[in-house]
Amino acid sequence: QVQLVESGGGLVQPGGSLRLSCAASGSISRFNVMGWYRQAPGKQREVVASITFGGSTTYAESVKGRFTISMDNAKNTVYLQMNSLKFEDTAVYYCNARRKSVFGTLSDYWGQGTQVTVSS
């Protein structure tokens with residue numbers, strides 16, 4: 001079974017920084033895309049950032065210039081560096097891994113989530 005474990009969340013003041021980590025059970029190279037999602041109370045879960053094994057990245061407009069997604073294949077880990085945090089960044093952040101089979105079927109795997117709270 002694929003397991004994803006997030007860590008690094010916590011309480012931070014506006015303008016502060018946090019780095020989230022997502023450790024996978026096994027090589028992350030078998031996933032086509034990995035990403036970070038977040039869900040705030042009363043809101044839909046949204047994509048924050050994604051990265052392919054080849055290194056292509058995509059960011060939500062709300063976090064461009066502030067967040068950076070990266071991966072360390074040797075450590076089977078994906079990171080989300082969050083800078084200049086705002087109140088609206090408060091949410092539970094989830095790690096996602098997507099794999100496409102040889103038949104073209106997509107499979108998604110999720111971590112348990114880690115809470116990020118931005119408050120003064």
Side-chain angles (χ1 to χ4, degrees):
Q1 296 293 324
V2 175
Q3 293 183 343
L4 303 174
V5 180
E6 301 103 329
S7 62
L11 176 65
V12 65
Q13 294 185 354
S17 299
L18 285 174
R19 189 179 77 158
L20 306 183
S21 298
C22 174
S25 58
S27 177
I28 60 175
S29 64
R30 68 186 188 276
F31 300 112
N32 299 92
V33 182
M34 295 193 71
W36 288 94
Y37 289 67
R38 68 184 181 187
Q39 186 168 22
K43 296 184 178 181
Q44 298 286 335
R45 183 175 297 188
E46 63 178 352
V47 177
V48 176
S50 64
I51 186 169
T52 68
F53 182 72
S56 298
T57 58
T58 302
Y59 297 93
E61 288 294 329
S62 60
V63 306
K64 284 184 178 179
R66 300 189 298 118
F67 291 9
T68 303
I69 187 171
S70 62
M71 67 170 65
D72 187 331
N73 293 332
K75 296 181 178 180
N76 298 322
T77 301
V78 174
Y79 304 95
L80 184 67
Q81 178 66 47
M82 305 185 294
N83 299 325
S84 302
L85 285 162
K86 304 175 180 180
F87 293 124
E88 51 264 43
D89 294 320
T90 296
V92 177
Y93 285 71
Y94 298 91
C95 180
N96 169 262
R98 174 167 288 181
R99 184 183 67 207
K100 183 171 69 177
S101 74
V102 295
F103 306 107
T105 302
L106 298 177
S107 298
D108 284 292
Y109 305 92
W110 297 90
Q112 81 288 345
T114 185
Q115 177 72 47
V116 172
T117 302
V118 184
S119 177
S120 60

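Just the heavy atoms: all of them, side chains too, but no hydrogens, waters or symmetry mates, feed the values below. What you are looking at is a predicted structure, and each value in this text was computed from that prediction instead of being measured.
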Taken to the nearest 0.5 Å, the spacing of Gln81 CD from Leu20 CG works out to 8.5 Å
Residues Leu4 and Ala24: closest non-hydrogen pair is CD2-CB, 3.7 Å
Donor on one side chain, acceptor on other, Arg66 and Tyr59, under 3.5 Å: no
(Q) Just so I know, are the side chains of Trp110 and Cys95 near enough to count as touching, which here means a heavy-atom distance under 4.5 Å? (A) no
- Please work out which of the three classes, parallel, tilted or perpendicular, describes the rings of Phe67 and Tyr93, given edges at 30° and 60°. tilted
Under 3.5 Å, side chain of Thr90 to main-chain N/O of Val118, donor-acceptor pair present?
yes
So does Glu6 get a backbone contact from the side chain of Gln112, meaning a donor-acceptor N/O pair under 3.5 Å? yes
- Establish, for the pair Arg19 and Tyr79, whether the NZ or CZ atom is under 6.0 angstrom from the six-membered ring centre and no further than 45 degrees off its axis. yes
What one should report as the nearest heavy-atom pair of Arg38 and Ala91 is CB-CB, 3.8 Å
Tightest non-hydrogen contact, residues Phe87 and Ser119, listed as CE2-CA, 4.0 Å
Nearest heavy-atom contact between Arg99 and Phe31 is CB-CD2, 3.9 Å
I'd like to check Met82 versus Asp89 (side-chain heavy atoms, cut-off strictly below 4.5 Å). Are they in contact? no
* To do: Go through the steps to decide whether Thr52 and Asn32 satisfy the test side chain to side chain contact (heavy atoms under 4.5 Å, CB included), and finish with yes or no.
  => CA-CA 6 Å; Thr52 68; Asn32 299 92; over 6 Å; no
The reported gap from CG in Asn96 to OH in Tyr37 (rounded to nearest 0.5 angstrom) is 4.5 Å
Shortest non-hydrogen pair, Tyr94 vs Gly111, comes out as CD2-O, 3.7 Å
